[in-house]
There are 2 protein chains.
Amino acid sequence: MSREVTIYDIAKELNISAATVSRSLKNHPAISDKTKQKILATAKEMGYRSNTFARNLRRQKTNTLGVIVPRLNSTFMSEVIAGMEKVANEAGYNLIISQSLEMMKKEAINAATMFNNRVDGLLVSLAYDTDSIAHFEPFIQKNIPLLFFDRICDQQQYAGIVINNYQAAYEITAHLIEQGCQNLFHITGNLSRNVYADRFNGFRQALADHQINHSPEYLLINNLSAQEGKATAHLLLQKKTLPDGVFVANDTCAVACMLELMEKGIRIPEDIAFTGFNNDPISWVVKPQLTTVHYKGFDMGETAAQTLINRLNHGQEASNQTIVLPHELISRQSSLKHATS
Amino acid sequence: MSREVTIYDIAKELNISAATVSRSLKNHPAISDKTKQKILATAKEMGYRSNTFARNLRRQKTNTLGVIVPRLNSTFMSEVIAGMEKVANEAGYNLIISQSLEMMKKEAINAATMFNNRVDGLLVSLAYDTDSIAHFEPFIQKNIPLLFFDRICDQQQYAGIVINNYQAAYEITAHLIEQGCQNLFHITGNLSRNVYADRFNGFRQALADHQINHSPEYLLINNLSAQEGKATAHLLLQKKTLPDGVFVANDTCAVACMLELMEKGIRIPEDIAFTGFNNDPISWVVKPQLTTVHYKGFDMGETAAQTLINRLNHGQEASNQTIVLPHELISRQSSLKHATS
DNA sequence: TTGTAGGCGTTATCAC
DNA sequence: GTGATAACGCCTACAA
């Protein structure tokens, strides 16, 4: 393993000082174009590559952003990552990515690792069961920019990148009501997570605004996995009266629940209309296709990364507002009743 | 932003040398337990955290593994990443992940970034159109361990982690034949990729071994996206004689193709039986459910990371064999004809 | 426009 | 067992 070429080697080769080499490589204005050219050429020729550690050590900066997500394996989240990667790359940042696997404990461990690796900033979408953000304290104390996205922290002082989950839920619920549904249920996740709380609130408000009464048991909470979707189907079947419309807070769970009910002879959407959330590929593959809410993960990733980078560049002055991105209702008639009125 | 605590600060605090502090922190055997305890306590108390750059600079090692994958957004790949992350974490390595988005050009850029970031080793699954691995030359020249997985490099000297694609394809094709299919087609990706070449060969061999003739147009190549799956459906419809069985090299494309054909009045599986590859969630959600091949992405990720780390620890002596992981045929009768004999 | 010199925080090599 | 010291490669006042 041959030794690495350093700026000193280049300097010696050209009989100039290392400082000049360093400056040329950074395209410093004070260096004449001629020397710059010469140095760049020699650097390439000698196979020079800058040493990130030395640079980081000197500058007290890593040019690395940390990302902690609940899971990587959803269409949505991988789009988010792709968007982040694009922006980060263009701005000269690297991404270190880790998954909490929906566990606060692992989220905390990951946060500690990120901290020790001196990430310049951290992007986080909270785990399912996170009920304290104490593990992010070190970042706050050291003033390392911390930005939440999608599943954000409800405390006022922490801004984040989100969509209007309330509004989206309102719209999709109103849609069900317009199709003639009268007895609506909602299946969702931990209401401590903003995304689920907001969706529930939107759902409730839509019911209220349309003067729809609801069963006292209209709210069903699970972890939104396929498995629990299936289990919840059985739970529904044991109710005295079945709902005629169900709004599920994600597509995976919606599809699993729906398929299980069909298995048991329930007709979808004639007996029960279903809607989901996320516009996951399974929502358009499943029969009947699922009405759902689409929001661009890629854009969210881009926005999150860009916002964080702005904050890195401009420090405290940078805005700390929560940013709300647009969403879109994807209405697939096949999953909806037709209005009976 | 208060200045970071260094080993010198701890040393000064305790009136000892920085060297002793450093050794204690590394749990060096030559330090007495008493001093060690004292130092550890003070370090914690002062909020010390070791500086990775200084450490890396000194040791010429980053404790970071690079990962380049075609895309993150598949169930399979996210499982791979999860497996890698687990092993890497346990061994004290970090992961830097990037996507080539199936483009060799971006793969090359990513490789360069990884190289400049001095990753200790690199894990790669090749992009769809990669036809040269010249962009990995710097790693080879500098003797930085490079390991391919799933979509590996066919050149002999580069080992990798794979499944037996040939065997899996053979099995699934034989399955179709046993169900009575006589006119089989194969839809797959770029045959320069080992995974697709091997699957094609397995398919062909199964036909040969069962004395099944095939149409001269039985091989259809596309990029295996949903979009092209749909397009290929139309292509099939223009054939003089439709196939009665199709083996598609991934589930996404299989499902898209199948759904489009059903849209056009073809009965699945009565007219055409379909099989896929990957055991993606859509393969069990779609009706009829798709017979497919399952292989554990998580295991592949674990194995790949572990193999790379072994090579880092043991240098050249470490084995450089290609490792073949098991797969499993997931037979879902609903997607298959019943044997007619 | 270019050069000099010191320091970023750690670890390895000597010495004691 | 512990301490002093010299790198690791780069950046940046300050000087020339």
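The chains referred to below are lettered A, B, ... by the order of the sequence lines, with proteins before strands, and numbering in each begins at 1.
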- prompt: Would one find a side-chain N or O of A:Ser22 under 4.0 angstrom from OP1 or OP2 of D:dG9?
  reply: no

message: Test salt bridge (charged side-chain N to carboxylate O under 4.0 Å, His left out) on A:Glu4 and A:Arg49; report intermediate values, then the result.
response: CA-CA 8 Å; A:Glu4 290 285 339; A:Arg49 54 174 181 161; 2.9 Å; yes

field: Phosphate contact (C:dT11 OP1 or OP2) by B:Gln60 side-chain N/O below 4.0 Å
entry: no

statement: Rounded to whole Å, CG of B:Asn51 lies from C1' of C:dG7 at a distance of 13 Å

- prompt: To the nearest angstrom, how far is B:Phe53 atom CZ from D:dC8 atom C1'?
  reply: 15 Å

task: Measure from the side chain of B:Ala30, starting at C-beta and using heavy atoms only, and say which of C:dT10, D:dT2, C:dT2 lies closest.
output: D:dT2

B:Lys105: salt bridge (charged side-chain N to carboxylate O under 4.0 Å, His left out) partners, not counting sequence neighbours: none

- request: Mind calculating the distance between CD (A:Glu4) and C1' (D:dC8) to the nearest angstrom?
  value: 12 Å

Could you run down the sub-3.5 Å N/O contacts of the protein with nucleotides 3-5 of chain C?
{"from": "C:dG3", "atom 1": "OP2", "to": "A:Ser17", "atom 2": "N", "distance (Å)": "3.0"}
{"from": "C:dG3", "atom 1": "OP2", "to": "A:Ser17", "atom 2": "OG", "distance (Å)": "3.1"}
{"from": "C:dG3", "atom 1": "OP2", "to": "A:Thr20", "atom 2": "OG1", "distance (Å)": "2.4"}
{"from": "C:dG3", "atom 1": "N7", "to": "A:Arg23", "atom 2": "NH2", "distance (Å)": "2.8"}
{"from": "C:dG3", "atom 1": "O6", "to": "A:Arg23", "atom 2": "NH1", "distance (Å)": "3.3"}
{"from": "C:dG3", "atom 1": "O6", "to": "A:Arg23", "atom 2": "NH2", "distance (Å)": "2.7"}

- request: For C:dT11, take OP1 and OP2 only and decide whether either is under 4.0 Å from a side-chain N or O of B:Arg55.
  value: yes

query: C:dT1 C1' sits how many Å from A:Asp33 CG, rounded?
result: 12 Å

query: NZ of B:Lys12 versus P of D:dA4: gap in Å, rounded?
result: 14 Å

task: Provide, to the nearest angstrom, the distance between the CZ atom belonging to A:Arg59 and the P atom belonging to D:dT12.
output: 7 Å

statement: B:His28 atom NE2 is separated from D:dT2 atom C1', nearest whole Å, by 10 Å

task: Output yes when a side-chain donor or acceptor of A:Arg151 lies under 3.5 Å from a complementary backbone atom of A:Val195, and no otherwise.
output: no

Sidechain-backbone polar pair: B:Arg23 side chain, B:Pro29 backbone, donor-acceptor under 3.5 Å: no

message: Among residues at least two apart in sequence or on other chains, which ones pass salt bridge (charged side-chain N to carboxylate O under 4.0 Å, His left out) with A:Asp129?
response: none

message: Students often get this wrong, so: under 4.0 angstrom with heavy atoms, is A:Ser32 touching a base, only sugar-phosphate, or nothing?
response: sugar-phosphate

task: Determine whether any donor atom in the side chain of B:Arg58 lies under 3.5 Å from an acceptor atom in the base of D:dA7, or the reverse, and answer yes or no.
output: yes

- prompt: When the nearest nucleotide of DNA chain D is assigned to B:Leu57 and to B:Thr35 on a heavy-atom basis, which residue is associated with the more 5' position?
  reply: B:Thr35

message: Without decimals, in angstroms, what is the distance between A:Lys34 NZ and C:dT1 C1'?
response: 12 Å

- request: Would you indicate whether the side-chain heavy atoms of A:Leu65 and A:Met84 approach each other to under 4.5 Å?
  value: no

query: Taking atom CD of B:Gln155 as the centre, does the number of heavy atoms from other residues, nucleotides or ligands within less than 6.0 Å exceed 12?
result: yes

